[in-house]
Amino acid sequence: MDSKEIDFYSLGFNFIETKTMFVTDYKDGKWTEGKLVPFGPFEISPGACVLNYGQGIFEGMKALRAKTGQITLFRPEENGKRFKDSAERMLMPTYDENKFVQAVKKVVKANEEYIPPYDSGGALYIRPLMIGNGPILGVAPANEYKFIIFTVPVGPYFPEGFKAIDLEISKKYTRAAPGGTGFAKTCCNYAPTMKPAKETKAKGFAQVIYLDAVEREYIDEVGTANFFAIINGKLASPKAAGTILPGITRKSVLEIAEKKLNLTVEERDISYKELFEESCTEVFCTGTAAVITPIGSVVLEDKKRVFNNGEPGKLTKKLYDLLTGIQRLEIEDEFGWVTVLE
Ligand SMILES: *Cc1c(COP(=O)(O)O)cnc(C)c1O
């Protein structure tokens, strides 16, 4: 879509074509020199491993336009590392982390006209994607791969201001089991979450909270966001021990809470029962798309707990202001997390 036709002030989270994408192919054991090409479809064999067996991984990042006009990325090297971990789990070739960051920068620069202006609160969402496109019949890795990076302009996550969402704890569905692929950003993990999301939305909830697959007691995560709770004044989040996606926002929030708010942070098992006790005062979830989203209430069957009258909690708001301030170059980046594009 022509950037001049886009109303950057009314964007949601929908697919919009931008001008340029990055592509590189893996053949005969090595990656070709990656290049920028016009955004568009490509041919794929019906026998492609990704189409038949789901051998695919992705990442999600955002480029922001700061008040100064500068373009920023948030910890892109962390996405590069995670992309590598996901590739290894799915028996796919890895892509060098530095080259990954370079490629991301190139695509963003090439699509600069699609970065929403600072005052719109939007971002250029960046989607690195790797697929096994070589044909295969038995369940085995493909011999050819494609790594693409495309971008989409998106609106702010809170168009009507910082608001809390209502969630349902699911005792019916789980997302990932020990020994599985929960920690990898692989396509296989997302199609199965569409039905639980649709069912809970029909009941008026924004998303489901998934519990661990073994005991159905400990919180794993929220749809595609990591979970946090303030319990007894401490900030707790489920351990990233295989079944949850190790979010970069999660990791950053844990660090900000400890270093800037002097909170005690705990990565531990959190029973859903703890959410129904008075000692749990705030809950929220985090992700590149969700940033920091306050949770106003949780429901499990006929039990409901409302937090802070359904309003965002104080610490949640402080963490949101600190994180987004750093990301938008409005608070000093003492952690060295922000990459400014030249
Ligand atoms: C991507 C993702 C997150 C958030 O990770 P960030 O690096 O913070 O964007 C959390 N949970 C799941 C399942 C995800 O896919």
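Position 1 is the first residue of the sequence; numbering continues from there. In this text the structure is predicted, and so the values were computed from the model without any measurement. Start at 1 and go down the list; that is how both ligands and their atoms are numbered.
Closer than 4.0 angstrom to ligand 1 lie heavy atoms from R82, R175, K185, Y190, E221, G223, T224, A225, N226, L245, G247, I248, T249, G287, T288.
With sequence neighbours excluded, no residue satisfies side chain to side chain donor-acceptor pair (under 3.5 Å) with N14. Scored by the side chain to side chain donor-acceptor pair (under 3.5 Å) test, Y218 finds no partners at all (sequence neighbours excluded). Applying the side chain to side chain donor-acceptor pair (under 3.5 Å) test to T224 and every residue at least two apart in sequence or in another chain returns nothing.
Interatomic distance, F22 CZ to T151 OG1, rounded to the nearest 0.5 Å: 13.5 Å.
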*Would you sort out whether T316 and F162 count as a side chain to side chain contact (heavy atoms under 4.5 Å, CB included), showing the intermediate values?*
CA-CA 10 Å; T316 307; F162 196 54; 4.2 Å; yes

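R127 contributes no side-chain N or O that, together with a main-chain N or O of F150, makes up a donor-acceptor pair within less than 3.5 Å.
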